A.B. asks: 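Attaching a single structure in structure tokens format; questions to follow.
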Amino acid sequence: MNQSSLAKIAGLVMMLSAGTLASSATDFKTSLSKIAPGYSATSVNTAVFRSSSVVSHDGWQYASFYDPEGFVTLAKRRIGTDNWEVRHTAYRGKVSDGHNIISLGVDRDGYLHVAFDHHGHPLHYARSIAPGSLSLGPLEPMVGRDEKDVTYPEFYPLPSGKMLFVYRSGFSGGGNMVINIYDPDTATWERLHDVLLDGEGDRNAYWQLCVGDDSTIHLSWVWRETWMVETNHDLCYARSLDGGKTWQRSDGTAYQLPITAATAEIAWKIPQKSELINQTSMTANTANHPMIATYWREQGDSIPCYRLVENDGTGWRMSVVNRRSTPFSLSGGGTKMIPISRPRLVADGDEVFYIFRDTERGSKVSMAYRPDASSPWQISDLTDFSVGAWEPSLDYDLWRGDRKLNIYVQQTDQGDGERVTTTPPQPVYILSVEK
């Protein structure tokens, strides 16, 4: 069977265990590895703030998702194979709410850390009973305070062997950014910051974070004034050179903590009601320059476009990744069914890989590629089938270690304002992309 036939079968039945798909603009080789069916009636398995749906350690890759009944499910395979071991845990989430995602981390010693089912809920956290095990122990606290109102949990391993846990404490329009740090030598968590980004009770920050190859922690965010998405504004930036203890602006000026709207460095000024989206992604190139992927529309225009805001060492600049033709407007609260996904990106030297989904391209998994800063963007479709309300998440451990791009893929749908659709369970895949 040829490559074209395999792609057509993937588009029609979504039942490939491993297949080759076609690219359009750039010659990327792609393959799908099927894991198991996952819940698909909301976007809870495919929201972009699942910053770590897939992780890798010591030759093994691990994935997490909710199964069709809403149970937290873990899977693992030897990297380079399609033989997945799947374990359905005893823990269950409220899958009808697209916020209540699963976040997965793996520490220096190979223990899995799982946080799940949060949208203003008490902390739900467990870790594996042994290194590499898919069996989770009991729910446990981390530090025992500010853990009753948790949203958007994220794990970030550090080159030092320690690991960050970041979450919002509070509510949309009035929450704060909390950071814990895990020490594998003692297997304990400590509080690093009770409040790093302070909404002062009037607003909250929606952030994206990455850890550079040189250990610098890069952080960017937008402020939201109320629970309404149209009050997002201004893209801001901070970095830490000491594992998250102290923070500074891009010019090296130290922040007095916590960071507030009045003290934050604005990387790009964006007014409210600009269709500015929250919770996207960022990366850093090998020169340690931060890059932020997002979208908004310019004043006087009705069409939001994907953009890259990056610092070249002397200042911030912005480029448009694509020119779209379909207008849309962000307004209201809750999970929105938006015609484009929030983007995710990685970089290797001057090369940038910008992953997204757009109804103008048939809601496929798509990627914009820029070989260097002076070249135009080239856009390829990485699947021949629609992925519905899917947003990208990927295996950052595998990217950092081997520069291999593995993306979590699952067709999901999302009713606007937290409404559940009738979409039946769909297969969970890992999509591998190579040049």
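Note that the structure is predicted; figures quoted are calculated from it, not measured. Position 1 is the first residue of the sequence; numbering continues from there.
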A.B. asks: Check side-chain hydrogen bond (donor to acceptor under 3.5 Å, both in side chains) between Asn285 and all other residues, then give those that pass, not counting sequence neighbours.
C.D. replies: none
A.B. asks: Which pairs pass salt bridge (Lys or Arg N to Asp or Glu O under 4.0 Å) with one or both residues in residues 343-356, sequence neighbours excluded?
C.D. replies: Asp348-Arg403, Glu351-Lys435
A.B. asks: Considering residues, nucleotides and ligands other than Gln299, do more than 12 of their heavy atoms fall under 6.0 Å from its CD?
C.D. replies: yes
A.B. asks: Please, which pairs that meet salt bridge (Lys or Arg N to Asp or Glu O under 4.0 Å) have at least one residue in residues 234-244, sequence neighbours excluded?
C.D. replies: Asp234-Lys269
A.B. asks: To the nearest 0.5 Å, tell me how far Trp223 CH2 sits from Leu276 CG.
C.D. replies: 13.5 Å
A.B. asks: Compare all side-chain heavy atoms of Val150 with those of Tyr125 and state whether any distance is below 4.5 angstrom.
C.D. replies: no
A.B. asks: Between Trp268 and Trp296, how do the two ring planes meet: parallel, tilted or perpendicular, split at 30° and 60°?
C.D. replies: tilted
A.B. asks: Assess whether a salt bridge exists between Glu230 and Lys273, defined as any Lys/Arg side-chain N lying under 4.0 Å from an Asp/Glu carboxylate O.
C.D. replies: no
A.B. asks: Side-chain contact test, heavy atoms from C-beta onward, threshold under 4.5 Å: evaluate it for Val321 versus Arg370 and give yes or no.
C.D. replies: no
A.B. asks: Hey, are the side chains of Ser53 and Phe65 touching, using non-hydrogen atoms and a 4.5 Å cut-off?
C.D. replies: no
A.B. asks: We want to know whether Thr231 and Glu225 form a side-chain donor-acceptor pair, criterion being a heavy-atom distance below 3.5 angstrom.
C.D. replies: no
A.B. asks: Would you mind telling me which of Val309, Leu345, Val346 makes a side-chain contact (heavy atoms from CB on, under 4.5 Å) with Met291?
C.D. replies: Leu345
A.B. asks: Distance only, no hydrogens: is a donor on one side chain within 3.5 Å (strictly under) of an acceptor on the other, for Thr260 and Asp198?
C.D. replies: no
A.B. asks: Honestly, is Arg342 close enough over Tyr295, meaning NZ or CZ under 6.0 Å from the six-membered ring centre and within 45° of the axis?
C.D. replies: no
A.B. asks: Is a donor from one side chain sitting under 3.5 angstrom from an acceptor on the other, for Arg50 and Ser64?
C.D. replies: yes
A.B. asks: Just jot down the salt bridge (Lys or Arg N to Asp or Glu O under 4.0 Å) partners of Glu434, sequence neighbours excluded, or say none.
C.D. replies: none
A.B. asks: Does the side chain of Asn232 pick up a donor-acceptor pair with the side chain of Arg224 at under 3.5 Å?
C.D. replies: yes
A.B. asks: Taking side-chain hydrogen bond (donor to acceptor under 3.5 Å, both in side chains) as the test, write out the residues that go with Asp358, two or more places apart.
C.D. replies: Arg324
A.B. asks: For the residue pair His289 and Glu310, confirm or rule out a side-chain donor-acceptor distance under 3.5 Å.
C.D. replies: no
A.B. asks: Evaluate Asp395 against Lys404 for salt bridge (charged side-chain N to carboxylate O under 4.0 Å, His left out), listing each step before the verdict.
C.D. replies: CA-CA 9 Å; Asp395 188 339; Lys404 292 183 178 180; over 6 Å; no
A.B. asks: List the steps, then state whether side-chain hydrogen bond (donor to acceptor under 3.5 Å, both in side chains) holds for Asp107 with His113.
C.D. replies: CA-CA 8 Å; Asp107 66 29; His113 298 248; 2.9 Å; yes
A.B. asks: Would you say the ring centers of Tyr167 and Tyr152 fall short of 6.0 Å from each other?
C.D. replies: no
A.B. asks: Under the salt bridge (Lys or Arg N to Asp or Glu O under 4.0 Å) rule, what pairs show up with a residue in residues 285-304, not counting sequence neighbours?
C.D. replies: Glu275-Arg297, Glu298-Arg307
A.B. asks: Is the shortest side-chain N to carboxylate O distance from Arg357 to Glu391 below 4.0 Å?
C.D. replies: no
A.B. asks: Would you indicate whether the side-chain heavy atoms of Ser281 and Val48 approach each other to under 4.5 Å?
C.D. replies: no
A.B. asks: Under 3.5 Å, is there a donor-acceptor pair linking the side chains of Glu360 and Ser325?
C.D. replies: yes
A.B. asks: Please find the pair of heavy atoms, one from Ile129 and one from Leu136, that lie closest to each other, and give the distance.
C.D. replies: CG2-C, 3.9 Å
A.B. asks: Kindly say whether the aromatic ring centers of Tyr306 and Trp377 come within a distance under 6.0 Å.
C.D. replies: no
A.B. asks: Mind telling me whether Tyr369 and Phe353 have parallel, tilted or perpendicular rings, with 30° and 60° as the class edges?
C.D. replies: tilted
A.B. asks: Walk me through whether Ser33 and Asp82 qualify under side-chain hydrogen bond (donor to acceptor under 3.5 Å, both in side chains).
C.D. replies: CA-CA 6 Å; Ser33 182; Asp82 290 315; 2.7 Å; yes
A.B. asks: Anything under 30° is parallel, anything over 60° is perpendicular, the rest tilted; go ahead and classify Phe356 against Tyr354.
C.D. replies: perpendicular
A.B. asks: Regarding Glu154 and Tyr156, do their side chains bring together a donor and an acceptor under 3.5 Å, going by distance alone?
C.D. replies: yes
A.B. asks: With heavy-atom distances below 4.5 Å as the criterion, would you say the side chains of Ile407 and Leu382 are in contact?
C.D. replies: yes
